[in-house]
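This structure is a prediction, so every number in the text was calculated from the model and none was measured. Keep in mind that the numbers below use all heavy atoms, side chains included, and drop hydrogens, waters and symmetry copies. For the single chain, residues carry numbers from 1 onward in sequence order.
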Amino acid sequence: MRGPHNILRLIRTGATFERTGAMTVALDAVEAPARLRIALRVLAWPFRWLGYRGDPALPPLTRAITALGPAYIKFGQILSTRADVVGVELSGQLRMLQDRLPPFPTDVAKEIVAVELRGSVDELFLEFSEPVAAASIAQVHRARRADTGAEVAVKIVRPGIEAAFRRDIDAFHFAAGFIERLLPQTRRLRPRDVVSHFESVVMGELDLRLEAASASEFAENTKNDPGFDVPRPHWELSARRVLTSDWAEGIPFGARDAIVAAGHDTHRLATRVLQLFLSHALRDGFFHGDMHHGNLKVAANGDVLAYDFGIMGQIDEYTRRVYAEILMGFIQRDYRRVARVHFEAGYVPRDRDEAAFARALRAVGEPIFGADASRISMANLLAYLFEVTERFGMATRTELILLQRTMVVVEGVARSLDPNINMWQAARPVVESYIRDNLGPKAAAQDVLRMAQTLGRYSPLLPAMLDQFLWERANRPADEPPPPPPRRWQMPLVGAAVLAAGVVLGAALG
């Protein structure tokens, strides 16, 4: 599938940007150098006639992205939250990609519901509205259940969307491979792995049963979080292409003027959404991976409402501890600590200079502190951070891609509510709480207890394993060399096992 035919797709991408006028807009937004502008224009202009025309009523960049398809729309959704990167005007144009795309006909939606739920809309619902929101993958209808009268949201996947996504992602794979061959220095960024990660996330989003499961787990994890609520799924009215859940009533996060008019504190909301994201990522290791304006509302009582759980992130406990240590190091401006954590975790090759890396991190972090957030250019900050990672040979961590991307999106959402918010000050209480609970003596005791519990589960097998081991040693031929001693890296594991065994024995005797 990933053959030469994808060249046409990539050429058409550039041609569409040129034909719609989006090329100039995009290059201006990122302040592209003159040589790059000339090169791209020269390459794209001869193929201009191959580009999609798009909807002339839309602004150029939005017109090009919507014409190119769902994968491009997803990327535009991310950019829409970063007014500091692409500018306020362009950010406003792209925001319509979040939930105001052209819907497909309601009659088609009803047909999908009938097939998936094996019952007509008239039998299942007392009311079923025209689409109230339409995004790249699905659209939402407001409805009322026939059996309970409860008001619900019915999400329905766009017809033919899976084939469209596969076509786009196939072209992305081709482009990633081409870039790695053409520019070997990009291999450390692992563009093919990045595309594969994006593919797994998006293809999972197309099965609404998985989204229902994510919503259910997320609601369970966050049920005690004050000022936060999650719509629960209605399993009996959900299937692969249809998801029914509680209706979330509130003001969209993108409507800042309406939020202010309703009397809500925008600074508190901005701080809260940042802290909620960090709390879910660090505490639970399971977080909303698509927290843009279109998936957040403010309830009448000031609660933050999150919905649309098609993209969720998950990170293991070790990675969460590393991430928290890095954040805490930046917050405390302890750049040697940040550098040391990077080296210990294997994020930076051991042959690099740790002190030099710490100084490079200082150049990234220091401009943030003591400065009004509105004066910080996130575009310049990200550009310099990229230079640092390239200089020190850091490879892209695919398990952290979604976490890092969502952090950027959430900061963009918070900044749209309060342009002067400082993400580090907002993050500090959450990170300090996590550090206190997971990296101190209490956490060490919990780790030992978990090791003891693991050893306890295998304790019925230990006598047989020991008997087999001793028998093999006793019956080893005389000319066979003895087994090698434990390696240095195995010694801590042996010590941990002995310690865990002691805890188990102590608990049994106690």
Side-chain angles (χ1 to χ4, degrees), residues 98-100 103 106 109-110 112-113 116-117 119 121-135 137-157 204-255 258-259 262 264 269 272-273 276-277 279-280 284 286-312 413:
Q98 294 171 0
D99 57 5
R100 297 194 298 276
T106 301
K110 290 182 177 180
I112 295 174
V113 170
E116 292 290 317
L117 302 184
V121 167
D122 293 337
E123 294 171 346
L124 299 173
F125 302 101
L126 295 175
E127 302 172 7
F128 194 86
S129 74
E130 293 295 313
V132 296
I137 288 178
Q139 68 185 30
V140 177
H141 299 257
R142 191 170 186 170
R144 190 176 299 277
R145 292 186 56 155
D147 52 355
T148 65
E151 195 169 26
V152 294
V154 182
K155 183 176 182 178
I156 304 168
V157 173
E205 193 176 359
L206 296 173
D207 188 344
L208 297 185
R209 295 170 299 187
L210 299 178
E211 180 174 344
S214 295
S216 179
E217 181 178 351
F218 194 57
E220 182 67 24
N221 289 346
T222 62
K223 62 184 178 182
N224 295 322
D225 289 354
F228 185 69
D229 198 14
V230 173
R232 270 62 171 178
H234 295 221
W235 287 100
E236 65 278 15
L237 291 177
S238 299
R240 180 179 177 83
R241 295 193 294 165
V242 177
L243 170 60
T244 303
S245 60
D246 296 338
W247 178 259
E249 183 63 44
I251 304 172
F253 258 57
I259 291 174
H264 298 297
L269 286 172
R272 186 67 181 137
V273 75
L276 283 167
F277 164 71
S279 178
H280 301 156
D284 307 324
F286 189 64
F287 59 92
H288 196 310
D290 204 17
M291 289 184 69
H292 59 71
H293 297 88
N295 291 336
L296 296 167
K297 288 183 178 180
V298 184
N301 62 356
D303 285 358
V304 175
L305 305 176
Y307 49 96
D308 192 350
F309 306 101
I311 300 178
M312 300 296 292
V413 170

| remark: The reported gap from NZ in K223 to CG in D229 (rounded to nearest 0.5 angstrom) is 13.5 Å

| query | Is D246 salt-bridged to R232, going by a charged N under 4.0 Å from an acidic O? | reply | no

| field | Step-by-step side chain to side chain contact (heavy atoms under 4.5 Å, CB included) determination, V298 to V304 | value | CA-CA 5 Å; V298 184; V304 175; 6.0 Å; no

| said: Would you say that F128 contacts V154 through its side chain, given a criterion of any heavy-atom pair below 4.5 Å between the two side chains? | reply: yes

| request: Mark yes or no for whether D308, through its side chain, and N295, through its backbone, hold a donor-acceptor pair below 3.5 Å. | output: no

| Shortest non-hydrogen separation from A146 to L126 and the atoms involved | CA-CG, 3.6 Å

| How close do P131 and Q139 get, heavy atom to heavy atom, and via which atoms? | CG-NE2, 3.4 Å

| request: Quick one: closest heavy-atom pair of A215 and P231, and the distance? | output: CB-O, 4.4 Å

| field | Backbone of A212 reached by a side-chain donor or acceptor of S216 within 3.5 Å | value | no

| Contact check, side chains of W235 and T244, non-hydrogen atoms, under 4.5 Å | no

| task | Check whether any side-chain heavy atom of V152 lies under 4.5 Å from a side-chain heavy atom of R144, and answer yes or no. | result | no

| said: Tell me whether the NZ or CZ atom of K155 lies within the 45° cone about the ring axis of W247 and under 6.0 Å from its centre. | reply: no

| So, do L269 and H264 sit near enough that their side-chain heavy atoms are less than 4.5 Å apart? | yes

| said: Can you classify the ring geometry of F309 versus H288 as parallel (below 30°), tilted (30 to 60°) or perpendicular (above 60°)? | reply: tilted

| field | Residues F253, V413; criterion side chain to side chain contact (heavy atoms under 4.5 Å, CB included); working and verdict | value | CA-CA 8 Å; F253 258 57; V413 170; 3.6 Å; yes

| said: Measuring only between side-chain heavy atoms, which start at C-beta, is P252 closer than 4.5 Å to L296? | reply: no

| Parallel, tilted or perpendicular for F286 and F218, by the 30°/60° rule? | perpendicular

| Point-to-point distance, once rounded to the nearest 0.5 Å, from CG of L206 to CZ of R240 | 7.5 Å

| request: Report yes if some heavy atom in the side chain of S245 is under 4.5 Å from a heavy atom in the side chain of E211; otherwise report no. | output: no

| query | Is R142 paired with E151 through a side-chain N to carboxylate O contact shorter than 4.0 Å? | reply | yes

| If we only count heavy atoms from C-beta on, is the V140 to Y307 side-chain gap below 4.5 Å? | no

| note | One should read off an interatomic distance between I156 CD1 and H141 NE2, to the nearest 0.5 angstrom, of 4.0 Å

| message | Distance check, rounded to the nearest 0.5 Å: K297 atom NZ versus I259 atom CD1? | response | 11.5 Å

| query | Should T106 and K110 count as side-chain neighbours, where that means a heavy-atom distance under 4.5 Å? | reply | yes

| field | Identified side-chain contact (heavy atoms from CB on, under 4.5 Å) partner of V157 from the options V242, L208, D207, L243 | value | L208

| field | Point-to-point distance, once rounded to the nearest 0.5 Å, from CZ of R272 to CZ of F277 | value | 14.0 Å

| task | Kindly determine whether M291 and V273 satisfy side chain to side chain contact (heavy atoms under 4.5 Å, CB included), including the steps that lead there. | result | CA-CA 9 Å; M291 289 184 69; V273 75; 3.7 Å; yes

| query | Cut-off 3.5 Å, side chains only: do E236 and H234 have a donor facing an acceptor? | reply | no

| remark: Taken to the nearest 0.5 Å, the spacing of T222 OG1 from D284 CG works out to 8.0 Å

| said: Looking at every heavy atom in both A239 and L117, which two are closest together, and how far apart are they? | reply: CB-CD2, 4.1 Å

